Amino acid sequence: MLRKKGLKTNDKHIKKLAAIVGPKEILFHKEDLISYESDGFTIHSHMPKAVVFPKNTEEVAEVVKYCADNDLSFLARGAGTGLSGGAIPLNGEVIISLVKMKRLLSVDLENRRAVVEPGYVNLKLTNSISDKGYYYAPDPSSQYCCTIGGNVAENAGGAHCLKYGVTTNHILGLEVVSPTGEIMEIGHDGIPDAPGYDLLGILTGSEGTLGIVTKITVRILKNPEEKQTVLAYFDDVADGSQAVSDIVSAGIVPAALEMMDKIAIEGVESAAFPVGHPKDIEALLLIEVDGISAGIDEQINEILDVCKKRNVRSVKVAQDDDERANWWANRKTGFGAMGAISPDYLVQDGVIPRSTLPEVLKRIGDISKESGLRIANIFHAGDGNLHPLILFDSRIPGQTDKALEAGSACLQACADAGGSITGEHGVGIEKREEMRFVFSDKEIEAQTDIREVFNPHYLLNAGKLFPSPGRCAEVKNELKAEAAE
Ligand SMILES: Cc1cc2nc3c(=O)[nH]c(=O)nc-3n(C[C@H](O)[C@H](O)[C@H](O)COP(=O)(O)OP(=O)(O)OC[C@H]3O[C@@H](n4cnc5c(N)ncnc54)[C@H](O)[C@@H]3O)c2cc1C
């Protein structure tokens, strides 16, 4: 289609960008750009100027340098599954899509590491090394399509991050193109206590505002000797939440400890992977323990005891890998499954201290009543990472705003409980103002000062992560005023 339309344009920037990446690796016709107007946060959309598909780091650097020299806003995009609007081209950006940089470059089993390009899809890594007995731990539910570059930018989590840590705990080194087009190597391939500032820590989770990641060295883990999975049904959400606290207080660190409430169960049982969960229960827990075989049975028995003490209606242990895989497939379709029971939904992503789970879930129930919108809860209960899913119908005037208000109120409840406004989905454009729930003006300014060092002209992914207009916007206006003088 691209070739048929050709490169007929008078826009000198499009011509130059096409010369850098090749005429087949750029989109700029309006109808081709529509699917790049938004990401997983579909409430907002903006038209990009163009989308380019570089094939290597040098092309990324050349595109960035061209944009920086010509005052063109730009941003990186992986699979576009982000849920906070990080890849939305708010300023009509040139989108630098990394999906063609999708190779597994090397696997070093001896040193337990692998090197991937940023467009490499998360699940492919585990699939490529599982026959050798290894896996890559961070497992966002979107892992079948999201990219490891996007995971680094968002510091993605997942069901199995309770025991093994989120993306930042598995990144050993990065190659990054700076917002002015220089190629930098960051991190020391896992050398402990490397000298200098922890730039790897700053880059990971910076939501594509400090640089474009072009190569990633990740830690890979040996498959556990054994794993067992428990499914527990509760008639009372408070009992289920209390069981979560009890399990962790008993000294057990499950690999995963997930919870779904009644509305969420209605959703997953109406969607692609029903497994026969009863629809009249109030909550279910999916609990996985793994490690060396010795001791696993004891942990499972202890978990069963805790559930019984907390009035579980029924509890069972997966009989084989197929049953376990079905339970996980059902859980991992959770967000998308909301589409089966509601025209629209907004996913929220707060974090709370585990012990406050019952009170915060109650507050979310109250927010649902106050807003008149149903709210489902699917979440990583073990690490207190809540995902209230606010169901609404954007065709009804006012409902989108109501959903956004309810989402913000859920985040306020998390902050009030001593938690935070994002556990894994990032701030993007969605939660910029909510940053004020957890940071003072001074603390926000300290962070925007860091962004200014990396991103001095504020052309890379502007308008994301911090409240608007924010210090960088002011600096950019000052620079523009100076240039005009
Ligand atoms: C159904 C569903 C389930 C999900 N479940 C989870 C979950 O369990 N855990 C979780 O953490 N998230 C989850 N997410 C959110 C999302 O999948 C993650 O945030 C993921 O890391 C985004 O990856 P992506 O490749 O889609 O990035 P994109 O959406 O394309 O981009 C996200 C951000 O990263 C930046 N970016 C992308 N690539 C690069 C790069 N190479 N260099 C610099 N910046 C870059 C973009 O500019 C943007 O700001 C889910 C999303 C969906 C739709």
Side-chain angles (χ1 to χ4, degrees), residues 35-36 38-42 48 51 54 57 60 64 73-90 93 95-102 116-123 138-162 166-168 174-179 186 203-216 256 258 267 271-272 328 331-339 345 347 349 351 378-380 383 385 387 389 422-430 454-455 460-465:
S35 44
Y36 295 89
S38 200
D39 58 7
F41 183 57
T42 51
V51 186
T57 304
V60 174
V64 168
S73 298
F74 58 99
L75 60 78
R77 181 177 167 116
T81 65
L83 291 168
S84 52
I88 296 178
L90 275 186
E93 273 84 354
I95 294 183
I96 302 176
S97 168
L98 282 312
V99 294
K100 297 219 168 163
M101 291 173 64
K102 57 176 180 184
V116 299
E117 290 186 320
Y120 194 62
V121 167
N122 174 302
L123 186 59
D139 64 336
S141 300
S142 50
Q143 67 179 151
Y144 53 88
C145 61
C146 67
T147 66
I148 295 187
N151 296 166
V152 170
E154 297 289 3
N155 191 16
H160 290 82
C161 291
L162 171 59
V166 294
T167 300
T168 193
L174 295 176
E175 179 188 81
V176 178
V177 172
S178 79
I186 288 180
L203 258 293
T204 309
S206 61
E207 303 193 20
T209 62
L210 302 183
I212 298 187
V213 175
T214 47
K215 204 185 282 175
I216 306 146
E258 300 284 295
W328 277 117
R331 158 63 186 89
K332 291 204 171 191
T333 55
F335 293 175
M338 293 303 111
Y345 65 93
V347 187
D349 171 40
V351 191
I378 301 183
F379 55 99
H380 310 310
D383 43 20
N385 183 193
H387 292 314
L389 292 133
T422 175
E424 54 185 21
H425 296 170
V427 175
I429 55 175
E430 183 202 15
F454 282 85
N455 192 0
L460 173 61
N461 219 1
K464 310 283 168 69
L465 190 51

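Hydrogens, waters and symmetry mates play no part in the numbers below; they use all other heavy atoms, side chains included. Since we're looking at a predicted model, the values are computed, not measured. Note that ligands are numbered from 1 as they come in the structure, with each ligand's atoms numbered from 1 the same way.
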Between [atom1] on residue [X] and [atom2] on residue [Y], distance to nearest 0.5 Å:
X	Y	atom1	atom2	result
Y144	N122	OH	CG	11.5 Å
I148	Y120	CD1	OH	7.0 Å
F74	I212	CZ	CD1	5.5 Å

Checklist entry - Where the closest heavy atom to atom 4 (C) of ligand 1 is concerned, which of A79, S142, G423 has it? => result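 Of the listed residues, S142 has the closest heavy atom.
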Checklist entry - Which one of P89, C146, A87 has a non-hydrogen atom at the shortest distance from atom 31 (O) of ligand 1? => result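 It is A87 that holds the nearest heavy atom.
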When you measure from [atom] to every protein heavy atom, which one gives the shortest distance, and what is it?
atom	answer
atom 25 (O) of ligand 1	T147 OG1, 2.7 Å
atom 15 (C) of ligand 1	T81 O, 3.7 Å
atom 11 (O) of ligand 1	G157 N, 2.9 Å
atom 28 (P) of ligand 1	G80 N, 3.5 Å
atom 44 (N) of ligand 1	G208 CA, 3.4 Å
atom 29 (O) of ligand 1	G82 N, 2.8 Å
atom 33 (C) of ligand 1	E154 OE2, 3.2 Å
atom 41 (N) of ligand 1	V213 O, 3.0 Å

Item to check | Residue of the set D349, T167, N155, N151 for which side-chain contact (heavy atoms from CB on, under 4.5 Å) holds with E424 | outcome: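 By the side-chain contact (heavy atoms from CB on, under 4.5 Å) criterion, E424 pairs with just one of D349, T167, N155, N151: D349.
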Quick check: does any side chain N or O of [X] sit under 3.5 Å from a backbone N or O of [Y], one acting as donor and the other as acceptor?
X	Y	answer
Y36	I95	no
D39	A87	yes
N461	G86	yes
E93	S73	no
E117	K102	yes
S38	F41	yes

Next on the checklist: Please give me the minimum heavy-atom distance between L210 and P179, naming the atom from each residue.
Outcome noted: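 L210 and P179 have their closest heavy atoms at O-CD, 3.2 Å.
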With a cutoff of 4.0 Å, is [X] in contact with ligand 1, counting heavy atoms of the residue only?
X	result
N461	yes
G336	no
L75	no
G40	no

Between ligand 1 and [X], is the shortest N or O to N or O distance under 3.5 Å?
X	result
D39	no
Y144	no
P140	no
F335	no
I212	no
A76	yes
A153	no

Quick check on contacts: which atoms of ligand 1 are under 4.0 angstrom from a heavy atom of [X]?
X	value
R77	30 (O)
G86	47 (O), 48 (C), 49 (O)
N151	20 (C), 21 (O)
G150	21 (O), 23 (O), 24 (P), 25 (O), 27 (O), 37 (C), 38 (N)
G211	43 (C)
A156	11 (O), 21 (O)
L98	41 (N)
P118	41 (N)

Next on the checklist: At under 4.0 Å between heavy atoms, is it the side chain or the backbone of H425 that contacts ligand 1, or both, or neither?
Outcome noted: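 Within the 4.0 Å criterion, H425 contacts ligand 1 through side-chain atoms alone.
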Next on the checklist: Tell me every residue that passes side-chain hydrogen bond (donor to acceptor under 3.5 Å, both in side chains) with H425, counting only those two or more places apart in sequence or in another chain.
Outcome noted: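 For H425 there are no side-chain hydrogen bond (donor to acceptor under 3.5 Å, both in side chains) partners, ignoring immediate neighbours.
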Checklist entry - Got a sec, which residues hit side-chain hydrogen bond (donor to acceptor under 3.5 Å, both in side chains) with D139, two or more places apart in sequence or on another chain? => result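 Expected list: H160, K332.
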Checklist entry - When you check the side-chain N and O atoms of T57 and E175, is any donor under 3.5 Å from an acceptor? => result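 Yes - a donor-acceptor pair under 3.5 Å links their side chains.
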Item to check | Charged N-O contact under 4.0 Å between E258 and R331 | outcome: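 Looking at R331 together with E258, the answer is yes, because their closest N to O distance falls below 4.0 Å.
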Checklist entry - Are L75 and I96 close enough that some pair of their side-chain heavy atoms sits under 4.5 Å apart? => result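 The answer is no; the side chains never approach within 4.5 Å.
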Checklist entry - Are the side chains of L174 and V152 in touch, meaning some heavy atoms are under 4.5 Å apart? => result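 Yes; the side chains approach each other to less than 4.5 Å.
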